[in-house]
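Written below as structure tokens is the structure these notes are about.
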There are 2 protein chains.
Amino acid sequence: MTDNKDNKQELLRCGLRLFSSRGFDGVSTADIVSAAGVTKPTMYHYFGSKEGLLEEILHNHYGNFISELENAASLPEDIALTFFRFAKVCFDTARRSPEFFMLRAGLMMRVGQDTAYLAAKPYIDRESAIIKQFFDTAASHAGNIKGKETMCTLSFVGTINATISAYLQSGDESIISDETIYKLRQQFLYGIYS
Amino acid sequence: MTDNKDNKQELLRCGLRLFSSRGFDGVSTADIVSAAGVTKPTMYHYFGSKEGLLEEILHNHYGNFISELENAASLPEDIALTFFRFAKVCFDTARRSPEFFMLRAGLMMRVGQDTAYLAAKPYIDRESAIIKQFFDTAASHAGNIKGKETMCTLSFVGTINATISAYLQSGDESIISDETIYKLRQQFLYGIYS
DNA sequence: GTTCTATTATACCGAACGGTATAATGTTTG
DNA sequence: CAAACATTATACCGTTCGGTATAATAGAAC
């Protein structure tokens, strides 16, 4: 009986789980293959290197996430709707794949020349650009945002990340409910439209 | 001529710098002592272990930071003032010691059982408790906060961290100016008092 | 049944890891 | 000057690291 690509998927799963909980440098290739029930040459056959495994994990999960963000930004002139959609995509992704969001959070907050950070940087930059572009467009439709674009972007991203982080630590799904989005949006837009 | 405790300070400095840019697991003891211009036994003489070095770094910087946060929370019933003071402490600390804030950011966003994260957890929890207690007290003085305490805490912390992160990446000090604090406070309190 | 190809297991590599035993230093104290 | 001390350098420990050479295995095609 051949496991075929089963082992590859198992390696991707275990890699994500371990990287998210102990960091890229905190996990050894031996840990990963042991968790996946295979041996090292199998892993190097599929991914070429430890970094290659990380890159494929990022490509899969971060790629999806960014696609959904881009879809959510299809009506940027509707600020309230896009706000909701953005938050919804983030919360849904965090609920569906908490480990990806842990990994993403750990990589986002790095500033130096860490290998793993460099691999994630293109995705992080793209994500930031989508949010920033939304607030830039929004500023041209709601004059009172003008001059606050950067602050709005930072506040939005920071709030969403902190909220998801609280969910990941507690496991309490009510933290990332639609109701939370409504409350956040209300607070956020009241501040803007003042 | 004796360098005396000079080497210890140099080790603390280099440790902070390297840990903040490449992460605890991404830095070797050889890297640290090489940067500090000493040898490994010197480092193990002072700190006992690589983790001991991290703990002393955290004790020094995080201890100061938390003390200042506690001072800033001395008048919790004055919401606007305390908001300003909290943000001011964070921004000033980030300006004075950006490397500490990078290190803190990288450690805060971890969820698993990483060694470095466990060393930082007491400080992170204490910090969260101070902010949370402020919003709890504030809720008893401003009824419209009631029920939003957690959300306010998350939003505040997330926004501050994202703002500082943007400053650390760009180096643009205007991002963490007093003017930014005023804008953030206005947006924040308008949302709350609605 | 044999050849071909893709995948896996065994066993191992040199380098780097965190950490240390030993002893030589320089400085302080008597 | 000599004893006591804190600090440092040399040299090395066993282990783990990321990565690989080699070959056994299994299924597909003929």
Side-chain angles (χ1 to χ4, degrees), chain A residues 1-58 103 106-107 112-120, chain B residues 1-58 103 106-107 112-120:
Chain A
M1 184 192 299
T2 58
D3 306 79
N4 255 350
K5 307 285 176 179
D6 221 19
N7 284 341
K8 182 176 182 182
Q9 294 306 319
E10 194 60 25
L11 280 167
L12 288 169
R13 249 193 306 272
C14 293
L16 173 59
R17 175 161 49 83
L18 292 171
F19 287 156
S20 70
S21 73
R22 277 153 45 197
F24 183 74
D25 290 318
V27 176
S28 71
T29 55
D31 292 334
I32 299 170
V33 299
S34 163
V38 300
T39 56
K40 284 205 267 181
T42 303
M43 171 184 148
Y44 280 84
H45 167 72
Y46 285 122
F47 305 104
S49 69
K50 189 186 175 188
E51 209 179 328
L53 172 62
L54 174 68
E55 280 168 7
E56 186 145 342
I57 292 172
L58 289 176
L103 179 64
L107 291 172
Q113 56 263 37
D114 184 272
T115 347
Y117 170 74
L118 291 180
Chain B
M1 185 191 300
T2 58
D3 306 77
N4 253 350
K5 306 285 179 180
D6 222 18
N7 283 340
K8 182 175 182 183
Q9 294 305 319
E10 194 60 25
L11 280 166
L12 288 168
R13 247 193 307 273
C14 293
L16 172 60
R17 175 162 47 85
L18 291 171
F19 287 154
S20 69
S21 74
R22 279 154 42 199
F24 183 76
D25 290 317
V27 176
S28 72
T29 54
D31 291 335
I32 300 170
V33 299
S34 164
V38 300
T39 56
K40 283 207 265 183
T42 302
M43 172 184 148
Y44 280 85
H45 167 71
Y46 286 121
F47 306 104
S49 70
K50 187 187 178 188
E51 209 180 329
L53 172 62
L54 173 68
E55 279 168 6
E56 188 145 339
I57 291 172
L58 289 176
L103 179 64
L107 291 171
Q113 57 263 36
D114 182 273
T115 348
Y117 170 74
L118 292 179

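In the text below, chain A, chain B and the rest are named by the order of the sequence lines, each starting its count at 1.
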- Task: List for me each residue that meets side chain to side chain donor-acceptor pair (under 3.5 Å) alongside B:E56, sequence neighbours excluded, and say none if there are none.
- Result: B:K8
- Query: Looking only at side-chain N and O atoms, does B:N7 come under 4.0 Å of OP1 or OP2 in D:dT8?
  - Reply: yes
- Task: Return no unless some side-chain N or O of B:Y46 is found under 4.0 Å from OP1 or OP2 of D:dT8.
- Result: yes
- For A:D114, what residues pass the salt bridge (Lys or Arg N to Asp or Glu O under 4.0 Å) criterion, not counting sequence neighbours? A:R110
- Query: If you look only at pairs with a residue in residues 9-31 of chain B, which of them pass as a ring-ring contact (aromatic ring centres under 6.0 Å, His included), with sequence neighbours excluded?
  - Reply: B:F19-B:F24
- Message: Can you list everything that forms a side chain to side chain donor-acceptor pair (under 3.5 Å) with B:R17? Sequence neighbours excluded, please.
- Response: none
- Query: Do A:L54 and A:T115 have side-chain heavy atoms sitting under 4.5 Å apart?
  - Reply: no
- Query: What integer distance in Å separates A:K8:NZ from C:dA6:P?
  - Reply: 15 Å
- Query: How many Å lie between CZ on A:R22 and C1' on D:dT16, as a whole number?
  - Reply: 13 Å
- Quantify the bending of the helix from C:dG1-D:dC30 to C:dT28-D:dA3 as the angle between its end axes, each fitted on five pairs, to 10°. 0°
- Query: C:dA9 phosphate, OP1 or OP2: any side-chain N/O from A:T39 under 4.0 angstrom?
  - Reply: yes
- Query: In whole Å, what is the span from the CD1 atom of A:I32 to the P atom of D:dT16?
  - Reply: 17 Å
- Contacts of A:T39 meeting side chain to side chain contact (heavy atoms under 4.5 Å, CB included) (sequence neighbours excluded), chain-then-number -> A:P41, A:T42
- Query: Looking at residues at least two apart in the chain, or sitting in another chain, which of them share a side chain to side chain contact (heavy atoms under 4.5 Å, CB included) with A:T29?
  - Reply: A:K40, A:M43, A:Y44, A:K50
- Here the distance between atom P of C:dT8 and atom CZ of A:F47, to the nearest Å, is 11 Å
- Note on the structure: For A:S28, the side chain to side chain donor-acceptor pair (under 3.5 Å) test, sequence neighbours excluded, returns A:D31
- When you check every protein heavy atom under 4.0 Å of nucleotides 13-24 of chain C, what one-letter string (B, S, -) results, 5' to 3'? ----SBBBB---
